[in-house]
S.K.: 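Okay, handing you the structure first.
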Amino acid sequence: MQEHGQIIVLEDDLETSAFALDYFNKALNRYKEDEQVMQISGYGYPVKNLNELPETFFFRVANSWGGQHGIVLGNISTPT
């Protein structure tokens, strides 16, 4: 944390996509200066019409499942 200023935290029993680490690192870099973003998460909340939402989106809730200290909440895909 002292060397890089950010951290990715995963529970020891999670299975991630082959693209998860790339997504988390790109998203952390993309949103590191945005004070409105506090976390990036790999958890897709059971919301209505989830399939109609974009691949990444902002959600007003903090979450510890598959997330990291720093940035965006939402369904996971590589950010542009």
Side-chain angles (χ1 to χ4, degrees):
M1 186 71 179
Q2 288 180 347
E3 184 176 340
H4 299 285
Q6 58 195 25
I7 187 170
I8 296 173
V9 178
L10 297 172
E11 296 176 18
D12 64 351
D13 61 345
L14 292 181
E15 293 183 23
T16 65
S17 160
F19 306 102
L21 183 59
D22 184 55
Y23 171 81
F24 287 142
N25 281 316
K26 286 180 178 178
L28 278 169
N29 288 328
R30 180 175 180 171
Y31 294 105
K32 67 183 172 186
E33 302 297 326
D34 190 331
E35 293 183 9
Q36 293 181 314
V37 178
M38 64 180 180
Q39 177 187 22
I40 298 167
S41 178
Y43 178 67
Y45 280 88
V47 297
K48 292 181 181 179
N49 305 320
L50 181 62
N51 293 334
E52 296 175 19
L53 293 172
E55 288 183 339
T56 59
F57 56 91
F58 291 95
F59 203 65
R60 295 179 185 225
V61 89
N63 167 346
S64 65
W65 282 11
Q68 67 264 38
H69 183 65
I71 320 258
V72 154
L73 292 170
N75 234 2
I76 298 307
S77 181
T78 303
T80 57

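This structure is a prediction, so every number in the text was calculated from the model and none was measured.
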S.K.: Could you state the interatomic distance from OG1 (T16) to OH (Y23), rounded to the nearest 0.5 Å?
M.R.: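 Separation between the atoms: 13.5 Å.
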
S.K.: With rounding to the nearest 0.5 Å, note down the distance linking CG in L21 to NZ in K26.
M.R.: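 L21 atom CG to K26 atom NZ measures 11.0 Å (nearest 0.5 Å).
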
S.K.: Could you grab the distance from atom CG of N25 to atom CD1 of I8, nearest 0.5 Å is fine?
M.R.: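 If I round to the nearest 0.5 Å, the distance is 4.0 Å.
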
